[in-house]
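This report refers to the structure that appears directly beneath it.
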Amino acid sequence: QVHLVESGGGLVQAGGSLRLSCAASGGTFSIYGMGWFRQAPGKEREFVAGISRNVAYTYYTDSVKGRFTISRDNAKNTVYLRMNNLQPDDTAVYYCAADLGGLGRGGTSKYDYWGQGTQVTVSS
């Protein structure tokens, strides 16, 4: 059983930055692909960014390319999401997820374990 805990969310003004962290326990973190998803009120959960287990591949949804960066530290069992130039449309609950297949690509069905989420609110 893999346990994921997100942190780093909060309230920020448009144009500001945040760094989300997701700490994993209970498994072998280095073999998992990891992803970040978000869900805004009344909307479906959407893929934001993903990273493969060996860090060779990263994936981003178009709306965050150039603004968000996903990274991981396998020694710390942690994945990060650096978010720059945040906009009100980025307001959502952000979730991290683990892909036991190791790929870290998009699609909620590809992920096996989920965190509880952290709220990000961007004011205009």
Side-chain angles (χ1 to χ4, degrees):
Q1 186 77 10
V2 178
H3 187 54
L4 303 172
V5 179
E6 302 95 336
S7 61
L11 173 64
V12 63
Q13 289 187 332
S17 299
L18 286 173
R19 189 181 78 158
L20 305 183
S21 300
C22 173
S25 61
T28 306
F29 179 78
S30 61
I31 68 171
Y32 307 146
M34 297 298 296
W36 285 97
F37 291 75
R38 65 187 180 188
Q39 188 166 17
K43 295 186 177 181
E44 293 187 353
R45 190 170 299 188
E46 66 169 347
F47 173 79
V48 176
I51 188 167
S52 62
R53 62 186 174 191
N54 59 4
V55 198
Y57 300 99
T58 57
Y59 309 92
Y60 297 92
T61 193
D62 286 346
S63 63
V64 308
K65 286 180 181 177
R67 300 189 298 126
F68 290 12
T69 303
I70 188 170
S71 61
R72 67 189 295 163
D73 185 339
N74 287 345
K76 295 182 178 180
N77 290 354
T78 302
V79 63
Y80 305 96
L81 185 68
R82 177 66 180 182
M83 307 185 293
N84 294 330
N85 191 22
L86 283 160
Q87 300 300 316
D89 284 349
D90 296 316
T91 295
V93 177
Y94 283 71
Y95 300 88
C96 74
D99 165 21
L100 298 188
L103 298 179
R105 291 181 178 177
T108 56
S109 63
K110 296 180 172 63
Y111 289 79
D112 303 282
Y113 294 98
W114 295 82
Q116 292 300 305
T118 185
Q119 176 71 46
V120 172
T121 303
V122 185
S123 63
S124 57

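- Both V79 and V120 are members of a single hydrophobic cluster when ILVMFWY side chains are connected at heavy-atom separations under 4.5 Å.
- Between Y111 and G50, the shortest heavy-atom distance links the atoms OH-CA, 4.5 Å.
- In terms of heavy atoms, A40 sits closest to A92 at N-CB, 3.8 Å.
- Formation of a donor-acceptor pair under 3.5 Å by the T91 side chain with backbone atoms of V122 is found in this model.
- Remark: the backbone N or O of Y57 is paired with a side-chain donor or acceptor of S52 at under 3.5 angstrom.
- In this structure, the separation between CE on M34 and OG1 on T58 is 14.5 Å, given to the nearest 0.5 Å.
- Between I70 and W36, the shortest heavy-atom distance links the atoms CD1-CD1, 3.6 Å.
- Considering only heavy atoms from C-beta on, L103 stays 4.5 Å or farther from K110 through its side chain.
- Linking Ile, Leu, Val, Met, Phe, Trp and Tyr whenever their side-chain heavy atoms come within less than 4.5 Å puts I31 and I51 in one cluster.
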Would E6 and Y94 count as a side chain to side chain contact (heavy atoms under 4.5 Å, CB included) if you check the C-alpha gap in whole Å, the side-chain angles of each, and the deciding distance to 0.1 Å? CA-CA 8 Å; E6 302 95 336; Y94 283 71; over 6 Å; no
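- Between A49 and Y60 the shortest heavy-atom distance is CB-CD2, 3.6 Å.
- Distance check, rounded to the nearest 0.5 Å: OG of S30 to CG of N77 gives 8.0 Å.
- How far NE2 of H3 is from CD of Q116: 7.5 Å, rounded to the nearest 0.5 Å.
- Contact of the T61 side chain with the F68 side chain is not registered, since no non-hydrogen atoms from C-beta on lie closer than 4.5 Å.
- One distance of note links OH of Y80 with OG1 of T69; it measures 14.0 Å at 0.5 Å rounding.
- Side-chain contact between V64 and R38 is present, with at least one heavy-atom pair separated by less than 4.5 Å.
- Taking the side chain as every heavy atom from C-beta outward, R45 and W114 approach each other to under 4.5 Å.
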For residues 7-27, run the donor-acceptor check on the side chains, cut-off 3.5 Å, and write out each pair with its distance to 0.1 Å, sequence neighbours left out.
{"residue": "S17", "atom": "OG", "partner": "N84", "partner atom": "OD1", "Å": "2.9"}

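- In this structure, the side chains of T108 and E44 stay at 4.5 Å or more apart for every pair of heavy atoms.
- Smallest separation of non-hydrogen atoms from Y59 and G104: CD1-O, 3.4 Å.
- Relative orientation of the Y32 and F29 rings is perpendicular, given thresholds of 30° and 60° on the angle between their planes.
- Taking CG of D90 as the reference point, atom OG1 of T121 lies at 11.0 Å (rounded to 0.5 Å).
- Between R105 and D99, none of the side-chain N atoms (NZ, or NE/NH1/NH2) sits under 4.0 Å from a carboxylate O, so this pair counts as no salt bridge.
- With hydrophobic clusters built from ILVMFWY side chains whose heavy atoms lie under 4.5 angstrom apart, Y113 does not share a cluster with F47.
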